[in-house]
Structure formats: structure tokens, C-alpha cells
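Following: one structure in C-alpha cells, then a few remarks.
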Amino acid sequence: KMYGLLTGIFSPLLVAARSVNAVRSRLSGSCCGVSGKTWIRPGGFDTGLKTFNSLTKQKEPLILAREGVATWYSCGPTVYDHAHLGHACSYVRFDILQRILTKMFGITVIHAMVITDIDDKIIKRSWEAHTDVTLFIYKHVFVIVFEVIPPAVYLRVTDNVHHIVAFIERIIQNGHAYATKEGDVFFDIRSIGDRYGKFGGAADSQGEPWSTNKRDARDFALWKPSKPQEPYWESPWGRGRPGWHIECSTIASCITGHSVFGSQLDIHSGGIDLAFPHHENEVAQSEAYHQCGQWANYFLHSGHLHLKGSAEKMSKSLKNYITIKDFLQSYSANEFRMFCLLAKYRSAVDYSDSSMSQARTSLGTISTFIHDAQAYLKGQLQCLPVQEAFLWERLAETKSSVVKALAEDFDTPRAVGALMNMVYHGNCQLQPVSESDGAARSPAVFAAMISYIRDVLDVFGIDLLHTSHGGNLEGVVEQLTRFRSEVRAFALARQDAPTSGSTSKPGLFKERIPLLKACDTLRDGLAPFGVLIKDRGATSTWEITQGKPSERGQSVQNKDQETSS
């Protein structure tokens, strides 16, 4: 009894003393030698890349703790219904960045993500659907539809509440959080001195409108007592559930009790709207837990997606969104990736039919060049003599420009621009002629250009070879085009001399002209379905295009095509 009495008297004093000592320690710079909001340039391995760091508001050299390895944490989606393009934009953009690091610069990315499944709306929706809606949407929409590379590990909050409780307990022990008699646990902003506000916004913050028992209006909840009908977990402070911010800090630091990123994280990513207060609070909690001065070295934030003409981000609550399901009725996942590539990842971007048309046109131009170059390689396309040395120079120049652009804060618009410029010069050299004059051909340079284009598109996550049509359709089109070519060759066979009084074209058999017209009809009829057949003299090539039927037909009409009839 005496022990309990003494503990009750002195525990508050000990906690207060720890709090004061923690503040003094931090303000004196003894915690990793840093005080305030100063960013420490990490020690380790310089990748040669630069990236915009939200902690410093400028580009910084990307330096990793381990050579060739980047630890990366991102906040998972909190969608509770049909996902919209605003969600997809952020995940596709960061997927592109991770692919660039891995496939262009040889850096292994260890990516972890938390799946929030305790949020009020998610809980309600999950109960109704009897499933983990958020994880389901992420895996089946972002991973499958947009081919986002999945994280090394998904972690659901509901599976890690006991770790969150232990995480909170240590923050309290370190003097940076306090419990209230109502069962709340709040982070103590004053305990970290001037370290709060790394991302800005702290001065104007009124904090969370949760409790009147906070010491400071900016203090935020680590643990909340559960309301009636809400799920709850047992804790030293009573039945309750975690606050939103603590979920990410705990899971980014430890998984199933073992340190994954610990007190050292290379990269943290998320939408710009998460910078304050979510990421700000994550930093405060994590540094208070680990007693370190810099938990995450780089914060990368993506810009919002807007409907054209709207100043607000695409959001369910604002009812200014387009669902992914509706989007896919008109456009493809490849086209959306190109749309993302044509803007810098951290800039706001307007979504409109015009911007999507630009993305579609860019992909179409690349696809057409690849098919024309392949036709040249196979001898199906006869051209004027090619300036081979000039094209080799353009290829080398493009390779250098793409690497420089991507090493400079992942500048994908500049990289795509360099690629399109090479395609333009390649197209200029593929000037078809009806008959070859026997001049030397230059297949090697076009083979190299095709290979490089595919490599770069693979870095970006775009695969023009394997579309949603599948290999079976391509096989059918190949056989159909071959049969049609044989019919055309038969119909184009010429007579030795026109017969007297014949109304047919000179040299053609009159009775075979309907076959030519039937071949033209078949070609024109397939175009609206995305099958583009090009007649090149007596031979034909084909490609499967993407887009809405009406636009497919228009694209065919706009092609300079050699008609057969």
C-alpha cells in the first residue's frame, strides 16, 4: 500500500522531470546534435540524384544510408468506396518514381505501406461489405488495373494495435505524451520545443477538436476512448482505438515486433495535403519515440489532381471526382500513366479531355513509330536512303538527356520530351517510296531505337506490346492480315496489256477489282475496333491501337495511307 501511495505521489513529478529534461536535451542539441527545424544532410551513399525535399523546400542530393538500397514508407489509401482518379494519380506517380530508382539507377527500393482500416467511414463500410475494403481496393484497382508495383509488405492497423499501444507507452515514458482521466492520450507539443512545424502550418493550427483536457490546443491524439458501437482494444488507458497519426509512425518503425526502418528512414511519400498535420505529427511522434533528431531524411509530396477549372483537389467529399471505373470506359491505364508522366510529380495537374488527348497522341506517335520501324526491319516498308549516322547521334543524345532529366528530381516531362524528339527524327527518316532503288538499308539503328524506347517505357511502367487485347487477338489479326495480303497480291497482279475496250485500270484484271474493294472495306471496317492495317505496296502491316471507337476511325482517316483500289 505504501509503495502504491508513493508511486501515486511521485509518478507525476517523475514524468514532469523527464519532460523538462527531454526539452533541455533537445534544445541543447544533444539529440543527434540537432535543435529546432534544421535539416541534417545524411551520411551514406550519394546516388548522384537530386530530389525536392519538403523538409528544406529545395532540391537536395539523394543520399541513402545503405549503398544501392532505399527504405521507403508511404501512407496507404483510406478510400472506403469506389476509388477515383485522385487516388490513382498519387499512387501511379510514386510508382513511376520507384521504378525509375530501381530500373534506371539500380537502387533496390524497400517499400512498406500501412492500410488504414480503423477510420470511421472505413469501419462502417467494411462492416457492410464484410471485407477489408481499403486493402481490396488497393490490390485490385491500383495494383492490377494500373500495374502499380505492390509494397514489400502491407500492414493493416487492426493487426498491429498491440504494437501501437507499446509505441505510445514509450512516448509517454520519454516524456512527450500524457493521458487524461477520460482515457485519451495526447502528444505534448511543448515537450519538443521549437521542433514542431517542419512543414509549416503549425503557427496557425488550432489542433484537433477532440477534448478540452489538452495542455495545448495543438496537442493531438495518440489514443482515443471508443464511442458506443465502435470497435475497441484494451489498453493501459482503457478501451479505445489509435489516433490516425500514430498508426503510420508505429508501422514505419517496427513490423511484428522487429525493427524494419527503425530510427532511420530514407524516403517518406504522400500527397501534399498530408504534409500538415499528418506527416508533421508522424515526425514528432517518431523522433520522440526514437529520441533522435531526424527520423526521415526526405519527404516527397505529390501535387493534387484537379478537374479542369476547379481550384479544389479531386475529392469524394467535394463531389468533383471521376471514378476509375468511369475513366476506363474512355481511356486506358497506359494513357493515364502517360498523362502522369507529362507533368512533374510534385506539381498540381488538371485533368481534362484535352490533357488526356495529349497523352493518347503521345502514346500513339510512339506506337506508330515502333510499328513502322518494325515494318522497315522486315523489309515491308521501302524508304529513301536513311541518314544512319545522324540517327545514331540522336539515340546517344536521347539516352544522355533522359538520364540527366530523371536524375534531376525525376523530371519525367523533360525525359518524355527527349524521347519524343528522337521519335520525330526517326519518323522523318522513314519516308516511304513505292519501289526500292536498291540503296543500302540501315536496319540496325532502327532496331536499337525500338529497343531503347521499350526499355524507357518499361521504366515508366508502360507496355505497348501487351495490351488488354491479349495475345489471342494479335494472333487472329496476324492471320487475317496475312490472308488479306494474299488476296490483295492476287488482285494486284497485272495483265501484260489492257484488253481492248476495257474500263478497268491499266494492267489490272477487271474481274479482280471487287477483291481490292473488299480488302479496302475490311481494312476500313476493322479500324473502329482498334485494328489499323496499313497497305504498303503489295504488302501490309498492322497494329492494335487504343482509344474510343470514333477516335480510332478518325486516326485512320488522318493517316497517309496508300489505297489499293
Worksheet entry | K50/E408 ion pair, N-O < 4.0 Å | no
Fill in: Pair D95 + R337: basic N to acidic O under 4.0 Å
yes
Discussion item. Ring centroids only, cut at 6.0 angstrom: are F336 and F146 within range, meaning strictly under it?
Written reply: yes
Worksheet item: Where does the angle between the aromatic ring planes of H84 and H87 fall among parallel (under 30°), tilted (30 to 60°) and perpendicular (over 60°)?
Response: parallel
Worksheet entry | Check: Q429/Q431 side-chain N/O donor and acceptor closer than 3.5 Å | no
Discussion item. My understanding is that only one of F339, Y331, F327 makes a side chain to side chain contact (heavy atoms under 4.5 Å, CB included) with L85; could you say which?
Written reply: F327
Fill in: Criterion side-chain contact (heavy atoms from CB on, under 4.5 Å) on D411 and L406, from CA distance to verdict
CA-CA 5 Å; D411 193 342; L406 298 181; 5.9 Å; no
Practice prompt. Assess the pair Y298 and F52: is the distance between their ring centroids shorter than 6.0 Å?
Written response: no
Discussion item. Closer than 3.5 angstrom, by distance alone: can the side chain of N297 be matched with the main-chain N or O of I267 as a donor-acceptor pair?
Written reply: no
Worksheet entry | For the student: nearest non-hydrogen atoms of H278 and C248, plus distance | NE2-SG, 3.4 Å
Item to complete: Please say whether the positively charged group of R512, taken as NZ for Lys or CZ for Arg, lies over the ring of F490, i.e. under 6.0 angstrom from the six-membered ring centre and within 45 degrees of the axis.
Response: yes
Practice prompt. Over 60° means perpendicular and under 30° means parallel, so classify the ring planes of F369 and F446, tilted if in between.
Written response: tilted
Worksheet item: Do Y73 and D266 have side-chain atoms, one donor and one acceptor, less than 3.5 Å apart?
Response: no
Item to complete: Determine, stepwise, if the pair L395 / M422 fulfils side-chain contact (heavy atoms from CB on, under 4.5 Å).
Response: CA-CA 7 Å; L395 176 58; M422 183 186 74; 3.6 Å; yes
Worksheet item: Are K103 and D455 close enough for a salt bridge, meaning some N to O gap below 4.0 Å?
Response: no
Worksheet item: Looking only at atom types and distance, does a side-chain atom of S74 sit under 3.5 Å from a main-chain N or O of M113, one as donor and one as acceptor?
Response: no
Discussion item. Whether E486 and R482 form a salt bridge (side-chain N of Lys/Arg under 4.0 Å from carboxylate O of Asp/Glu) is what I want to check.
Written reply: no
Worksheet item: Would R99 and D458 pass as an ion pair if we require N to O under 4.0 Å?
Response: no
Fill in: Distance-only polar pair, side chains of S286 and S249, donor-acceptor under 3.5 Å
yes
Worksheet item: Between atom CG of L55 and atom NE2 of H268, what is the distance when rounded to the nearest 0.5 Å?
Response: 10.5 Å
Fill in: Cationic N near anionic O, under 4.0 Å, K517 to D524
no
Discussion item. Can you confirm if the NZ or CZ of R454 lies within 45° of the ring axis of Y452 and under 6.0 Å from the centre of its six-membered ring?
Written reply: no
